[in-house]
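For reference, the structure discussed in these notes is given below.
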Amino acid sequence: MSCGARDTHSFCFPFFLFLIFSLFSSFFSMAHFLVNTRPTADYVDRRELLRSRLDEGEFKKRRQPLLNRSATVYVGNLSFYTSEEQLRIHFLPCGPIRDLVMGLNEQSRTPCGFSFIVFETTEAAAMAVLNLSGTLLDDRVIRVSWDVGCDPTRRWGRGAEGGQVVDAVRHNLDEGRGGLGSQRRNELQVGVLTEEEELLPYTWVTPPVRKRKAQPVSGGDGNKRRRV
């Protein structure tokens, strides 16, 4: 009788371990399917979209292969005062960083609230998107999303006064991003609310060269054009 009990226990214990292992394996398998790690473009570069002459759906479809190989993430809603060192400390737990490109105001060459971070691997970029979007950095909730990569033209703001478009049109007061939006400041005739001594000018970065549009010459041959 006692021998039978010992045999039953010796059989049940490995079976119990196998059952626990199976449950954990099933859980992690389900988690893998529940968390979508496929890169998706949350943000569409409107300038690139217009240049492509495609509709947004086709544009995203053609960019997807680049996104699948990307190790770059876009970081938005940053304070103008957040430094590269703060960004590196915040994102290094996800993996080694190859490059960090701070978004700059085209006129002042100071940070204007976004950046691109290029990791060494796509796995590190995936970790950043999954785990750091919505976290606090410099007392602000940041957005982290996949990006196809940053060429030199994309580091510059495209809104009024050289900053981001969102800072041109917003009406709320945001002390971390210059106070009121530029349009609202112009309406109220108030200045930019920034602590100039704490802004880091990237004087070593060459500002973009804007191509001037050609205009028809008045009078004479209408086919002749001049630079303005």
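For the numbers below, each heavy atom of this structure counts, side chains included, while hydrogens, waters and symmetry mates do not.
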Checklist entry - Would a hydrophobic clustering, with Ile, Leu, Val, Met, Phe, Trp and Tyr connected at side-chain separations under 4.5 Å, put Val118 with Leu92? => result no
Next on the checklist: Check this for me: does any side-chain nitrogen of one of Glu85 and Arg88 sit under 4.0 Å from a carboxylate oxygen of the other?
Outcome noted: no
Item to check | Residues that Arg53 engages under salt bridge (charged side-chain N to carboxylate O under 4.0 Å, His left out), provided they are two or more places apart | outcome: none
Checklist entry - Within the distance-only criterion (no hydrogens, no angle test), does the side chain of Arg109 pair as donor or acceptor with the backbone N or O of Val205 below 3.5 angstrom? => result yes
Next on the checklist: Tell me whether the rings of Phe114 and Phe116 are parallel (<30°), tilted (30 to 60°) or perpendicular (>60°).
Outcome noted: perpendicular
Next on the checklist: Side chains of Arg143 and Asn77 only: does a donor on one sit below 3.5 Å from an acceptor on the other?
Outcome noted: no
Checklist entry - Between the side chain of Ser133 and the main-chain N/O of Val144, is any donor-acceptor distance below 3.5 Å? => result yes
Item to check | Criterion side-chain contact (heavy atoms from CB on, under 4.5 Å) on Ser115 and Leu78, from CA distance to verdict | outcome: CA-CA 8 Å; Ser115 72; Leu78 293 173; 3.8 Å; yes
Checklist entry - What distance separates Thr72 OG1 from Ile117 CD1, expressed to the nearest 0.5 Å? => result 10.0 Å
Next on the checklist: Which heavy atom of Cys112 sits nearest to which heavy atom of Arg177, and what is that distance?
Outcome noted: O-NH2, 3.6 Å
Item to check | Test side-chain contact (heavy atoms from CB on, under 4.5 Å) applied to Glu84 and Leu200, step by step | outcome: CA-CA 10 Å; Glu84 290 190 13; Leu200 174 64; over 6 Å; no
Item to check | Contacts of type side chain to side chain donor-acceptor pair (under 3.5 Å), residue Arg62, not counting sequence neighbours | outcome: Glu58
Item to check | Considering all heavy atoms, the nearest Ala71-Thr122 contact | outcome: CB-N, 4.0 Å
Item to check | Audit row: Thr82, Asp138, side chain to side chain donor-acceptor pair (under 3.5 Å) steps and yes/no | outcome: CA-CA 7 Å; Thr82 299; Asp138 213 2; 2.9 Å; yes
Checklist entry - Say you draw a straight line from CZ of Arg155 to CG of Asn105; how long is it, rounded to the nearest 0.5 Å? => result 12.5 Å
Checklist entry - Yes or no on side-chain contact (heavy atoms from CB on, under 4.5 Å) for Val141 and Leu136, after CA distance, side-chain angles and deciding distance? => result CA-CA 5 Å; Val141 177; Leu136 281 176; 3.8 Å; yes
Checklist outcome for this item: All heavy atoms of Val129 vs all of Ser145, minimum pair found to be CG2-C, 4.0 Å
Next on the checklist: To the nearest 0.5 Å, what is the distance between OG on Ser83 and CG on Leu100?
Outcome noted: 9.5 Å
Item to check | Side chain to side chain, Met102 and Leu87, heavy atoms closer than 4.5 Å | outcome: yes
Checklist entry - Is there a donor-acceptor contact under 3.5 Å from the side chain of Glu123 to the main chain of Cys94? => result no
Checklist entry - Which heavy atom in Pro39 sits nearest to a heavy atom in Asn68, and how many Å separate them? => result CD-OD1, 4.0 Å
Item to check | ILVMFWY network linking Ile142 to Tyr74, side-chain heavy atoms under 4.5 angstrom | outcome: no
Next on the checklist: Is the shortest side-chain heavy-atom distance between Ser52 and Glu48 below 4.5 Å?
Outcome noted: no
Checklist entry - Taking C-beta and beyond as the side chain, do Ile97 and Asp99 meet within less than 4.5 Å on heavy atoms? => result no
Checklist outcome for this item: Heavy atoms of Pro201 and Leu199 approach each other most closely as CD-O, 3.2 Å
Item to check | Check against side chain to side chain donor-acceptor pair (under 3.5 Å), Gln86 and Tyr81 | outcome: CA-CA 10 Å; Gln86 287 174 288; Tyr81 308 102; over 6 Å; no
Checklist entry - Linking I/L/V/M/F/W/Y whenever any side-chain heavy atoms sit under 4.5 Å apart, do Tyr202 and Val101 land together? => result no
Checklist entry - Does the side chain of Glu106 reach to within under 4.5 Å of the side chain of Arg158, using non-hydrogen atoms? => result no
Item to check | Sole residue of Leu132, Asn131, Leu137 in side-chain contact (heavy atoms from CB on, under 4.5 Å) with Thr135 | outcome: Leu132
Checklist outcome for this item: When rounded to the nearest 0.5 Å, the distance separating CG of Leu66 from CH2 of Trp146 is 13.0 Å
Item to check | Heavy-atom side-chain proximity of Val75 to His90 below 4.5 angstrom | outcome: no
Checklist outcome for this item: Those residues at least two apart in sequence (or on a different chain) that pass salt bridge (charged side-chain N to carboxylate O under 4.0 Å, His left out) with Lys60 are Glu56
Item to check | Heavy-atom neighbours of Asp139 CG exceed 12 at 6.0 Å | outcome: no
